[in-house]
Structures are given as C-alpha cells and as structure tokens.
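Structure record follows, encoded as structure tokens.
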There are 2 protein chains.
Amino acid sequence: MQVVEESAAKASGAGLTERQSAVLESALNLLVDGGEKAVTTAGVARAANCSKESLYKWFGDRDGLLSAMIGYQAGKVRTVEVRAESLTVEGLRRHLSAFALDLLDVLSGDVSLALNRLAIGQTVRGERRGGAASGGATLGRLLEERGRRQIGRRATTLLEAGRKAGLLAFDDADEAYGTLYGLIVTDAHLRMLLGEDPRAMKKEFAGRAERAVTSFLTLYGVGAMADA
Amino acid sequence: MQVVEESAAKASGAGLTERQSAVLESALNLLVDGGEKAVTTAGVARAANCSKESLYKWFGDRDGLLSAMIGYQAGKVRTVEVRAESLTVEGLRRHLSAFALDLLDVLSGDVSLALNRLAIGQTVRGERRGGAASGGATLGRLLEERGRRQIGRRATTLLEAGRKAGLLAFDDADEAYGTLYGLIVTDAHLRMLLGEDPRAMKKEFAGRAERAVTSFLTLYGVGAMADA
DNA sequence: AAGCTTGCGTACCGTACGGTACGGTTCGGC
DNA sequence: GCCGAACCGTACCGTACGGTACGCAAGCTT
C-alpha cells in the first residue's frame, strides 16, 4: 500500500501537507500586516487561493487555524545547539553575545511580534480563551512552550557549560538565565509589542547586547571574567 | 455665574463627571474578566445601567471609550515622590526594594494586565489602529506615556539622588534604569500577559525584588554598597 | 406649572464575520 | 474513457456587534 500522501507531503510542521503549510504562510503574512482582525476565514482563503471549506476541513476551526499558525511558525525556529566543549573566556563571551543578538533578533521579528500580539489578545485573566483544535493547548501556552522555553534551553546549556568550565558561578541556572534575559531584553519587547518601531530599536541591539553581557559577567563571572 | 457642573462633578480624570467615571469603572471590570471582546457597547451600557446613546455622546466612539478607560485608569496611579534628601546606604537600598515591589505589584495587577492586553491587541506593525477621540493619541502610546514613563520618572529621580549622594555611579540614568527594570521584571510581565497566573508569581516577588536590587547595586553601587 | 435638558431603555439598521452547502473542475487510479 | 477524491469559488445563513433613532421619565430653570 503505497501512500502517496506521505511521500509527497509533510513539510516542517507536524503532519502538514505542503499546501497546508503554504496556506499557513499566507495566513501569517496576513496577520503580520493586519493584526488579528485581518485573519478572517474568508481573507485567508482568498489570500491563499483556497476555499473556506478546505480551511475548515484542515484546521477545524478558526482557533484551530490560529493554533496551527503558531505551531507552524514555532516549528521553523530551530535553535542552534552550541558545542560547549573547549570553552574559553573569550569564547564564552562571544557565545553570550551571539545569544543576546539572536534573542533580540527573534523577539523583534515581524512574525514573532504579530504572534505574540495574537496570543496576548486571546488571553483572559490567567485562563486562555478559545479551545485549540489539537488537544486543548492554548495559544499563550503554546507560544511559551515552543518559543520561550526552546530558546531558554539553548541559553541554560551554555550557562551550564560556562559553570562546568569554571568561568561562571551560580546556584540556579534558570535564575541566572532569567537575569541574563532581563539584562538583554529589559522592556524592549513590550515596547515593540505596544507599537514602537522595531527598526529604530534594532540599531541599538549591538550595544544593548554588549552591555548586557558585560553586566552579566560582572554578576556571575568568576575572577577576571568581567574584564574580558 | 455659578457653574454647578464644575462644583459637583469632575472626578480624578480630565473633565469626567462622576457618572462617567463610574461607567468607565464598570467597563474596566468588564474588561478585566472578559477581555476586549467582552467590552461591547451594549455590555458596558447594561453593566453600568446607562444607555448606549449616552456612551456615544460621552465618548464618541468605541475607540474613544477604550482610550478613556486607559486614561482614567492611568490617572488613578499616582506615583509617590520620594524625598531624596538625606539618602543613606541603607535608605537607598530600602527605596530601591520598595520601588521594585511597587513595580511588580503594578505590573501584575488585574487591571494593568487587562489594559496592556487591550493596547497590544490593537497594535499592528508599528502603527496603531483605531483613532482615539482625544487628539489622535493611540492606545499603546497612551499606555506607554502615562504608565511606563510615569513610573520611570520616579525611578530615575531616585537613581539621580543616589548618584548625587555618591552611592551610585553611572553615566546615563535612563540606561541604568533600564538595567534595573530588566533585573526586576525579566520576563515575568510577558509571561503574565500570556496567561501565567499572577497569584502564583506574586509569591516570588519579594525574593525577586531583593535579588534584583542586590544585583543592581553590584553593578552600579560605589564601593561597599553592594554588601549593604 | 410649563418648558427644557439629561439620560435611560429599547428597538432598529447595516455590516461583517464564522461556519456550511453546493456546483464545477482537476487529477490520479482502474 | 470512466470514477472518485480532493479542492476551488461562491453563494448562503445566522448571529453578533457598532452605531442611530425614538419614546419617556426625572430634575432643573423661569
């Protein structure tokens, strides 16, 4: 039994045909420059040259579509695993700076901002609205799991490597990561979510990243690390 | 010419009668436990026992109503000016801790979270949607001006006082404040915006504030400040 | 007491959107 | 060459909401 559907299809996300991925891509574009209200079922269908009926067949629901959009986008972000061996002072600093820049780049991305706005807009009082199609995971949680946690893992492994190499000192890796995150991002993310122009902020990213890393090393670096 | 309207009316906000303030209060309650979609003109009218016609007469528009809600709530937050004279080492630390706790309390408040979600939900790609009634200020900008900046001023004056007393060392007060903000808040605000239960996080606020202040003093404190 | 303003309650209209149904078309399999 | 599945395009339905209009009661001003 030769299953064509499996050989030809299956893009990045979990069990999505190419067609469906293309549709989600269109939907994301729509979301990016129109906000949530621009993502109407008719609008997506028109933009993607597909029928509403297919949308409902594939995603079940408008909420299902939104969830799929988040899942799809999150699936595209692959965090580069850092090879932590042979970590030198300068190497750690470089890796931290690279991480800081990557983090700022991700957070300031058009799609990321749009999806965060979407998820936040759906959120109500600690509970989330709208039942997602695939198993009850909600948009906010989804975004947190697939985005934040994912990128956090990369950072914590880096920090652990630094500690193991005797370059960093901390008790709780998550706490240290929290500090690093705060130093890097401060309120930039929220300001962008509220509408501040990301392009204007991107110019400051390099300096911001450097300062954050320097401060972080001052706080958690061992010995002469801070001066590196 | 004895103007009754002025003697009897005018609550906290700019030119709002008591009745209107009461209506806005109802609307805020509605927003807090229903999200933006719960704030319908009919719903607000019903909750506040007023007519839709009055709503439109007073606020002109649904967007005007939303703007008024933000302005009203922002008007209620009065930041306590710190008397910066006679600043001691311990005093500075206490003030910083108090600020940190206040900040976390404000950001985790139900109304604050709801309004931030509202403003973020209205935001699209650097521009803001929906023309506010009063002069074109938009929701995101409004929230930023009246909330963030306001509370930021309190912090920067405190930091300036610390520097003048020779307890802190920094070049740019805003930059130092940014660092302080990041250390205190990290990603807690965003997590709450995405639906994390604020009550669960509030338990960690005290410890979080202390750690943040200690770190901040390590970075910017002069001499033995950090050990205070 | 008459008149006017204010504002409540309700009914109403237009529109936009989520969701469904149906006819027509393309494409792979027999 | 025929069949069925998938899918497009569109038309359709119900509902919900923003915004407006009208009728009517309460509280002033004169």
Side-chain angles (χ1 to χ4, degrees), chain A residues 1-10 15-24 26-27 30-31 34-69 118 121-122 129-133 139, chain B residues 1-11 15-27 30-31 34-69 118 121-122 129-133 139:
Chain A
M1 174 176 174
Q2 195 183 0
V3 187
V4 178
E5 147 193 89
E6 289 229 337
S7 67
K10 305 287 179 181
L16 291 176
T17 68
E18 294 179 4
R19 186 81 185 95
Q20 291 163 1
S21 298
V23 168
L24 292 180
S26 292
L30 229 49
L31 175 69
E36 182 197 344
K37 308 198 76 171
V39 186
T40 66
T41 55
V44 172
R46 200 180 326 117
N49 285 327
C50 78
S51 72
K52 287 173 68 173
E53 196 170 12
S54 301
L55 287 185
Y56 283 97
K57 171 179 278 185
W58 293 333
F59 308 108
D61 204 340
R62 182 172 183 265
D63 281 321
L65 174 64
L66 297 180
S67 299
M69 288 165 63
L118 173 64
Q122 298 280 332
R129 232 198 277 130
L139 300 190
Chain B
M1 175 176 171
Q2 196 183 1
V3 187
V4 179
E5 148 194 85
E6 289 229 335
S7 67
K10 308 284 178 178
L16 292 175
T17 67
E18 294 178 5
R19 186 81 186 95
Q20 291 164 0
S21 298
V23 168
L24 291 180
E25 198 75 48
S26 292
L30 229 50
L31 175 69
E36 181 195 343
K37 308 196 75 168
V39 186
T40 66
T41 55
V44 172
R46 199 181 325 117
N49 284 328
C50 76
S51 72
K52 285 174 68 174
E53 197 169 13
S54 302
L55 288 184
Y56 284 97
K57 171 178 280 186
W58 293 334
F59 307 108
D61 205 342
R62 182 173 183 265
D63 281 322
L65 174 65
L66 298 180
S67 299
M69 288 165 63
L118 172 64
Q122 299 280 334
R129 230 197 281 129
L139 299 190

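Residue numbers start from 1 in every chain, and the chains themselves are labelled A, B, ... in the order their sequence lines are given, proteins ahead of strands.
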d([atom1], [X]; [atom2], [N]) in whole Å:
| X | N | atom1 | atom2 | value |
| --- | --- | --- | --- | --- |
| B/K57 | D/dT20 | NZ | P | 13 Å |
| A/D63 | C/dC17 | CG | P | 16 Å |
| A/K37 | D/dG18 | NZ | C1' | 10 Å |
| A/E36 | C/dA16 | CD | C1' | 15 Å |
| B/L55 | D/dA21 | CG | P | 16 Å |
| B/F59 | D/dG18 | CZ | P | 15 Å |
| B/E53 | C/dA11 | CD | P | 15 Å |
| A/R46 | D/dA11 | CZ | P | 13 Å |

Can you tell me if [X] touches the phosphate of [N], counting only side-chain N or O atoms and a distance under 4.0 Å to OP1 or OP2?
| X | N | value |
| --- | --- | --- |
| A/W58 | D/dC7 | yes |
| A/R19 | D/dC8 | yes |
| B/S54 | C/dG7 | no |
| A/T41 | C/dG18 | yes |

Kindly point out which of [options] is positioned nearest to the side chain of [X]?
| X | options | result |
| --- | --- | --- |
| A/R62 | C/dC8, D/dG19, C/dG18 | C/dG18 |
| A/Y56 | C/dG18, C/dC8, D/dG19 | C/dG18 |
| B/N49 | C/dG9, D/dC7, D/dG9 | C/dG9 |

What's the shortest heavy-atom distance between [X] and [Y], and which atoms?
| X | Y | result |
| --- | --- | --- |
| B/S21 | B/L16 | OG-CB, 3.8 Å |
| B/A47 | B/S26 | O-OG, 3.9 Å |
| A/A38 | A/L30 | O-CD2, 3.8 Å |
| B/A45 | B/L55 | N-CD1, 3.9 Å |

*Might you work through the side-chain contact (heavy atoms from CB on, under 4.5 Å) test for A/L31 and A/L66, ending with a clear yes or no?*
CA-CA 10 Å; A/L31 175 69; A/L66 297 180; over 6 Å; no
*Polar pair under 3.5 Å, donor/acceptor by atom type, side chain B/K52, base D/dG19*: yes
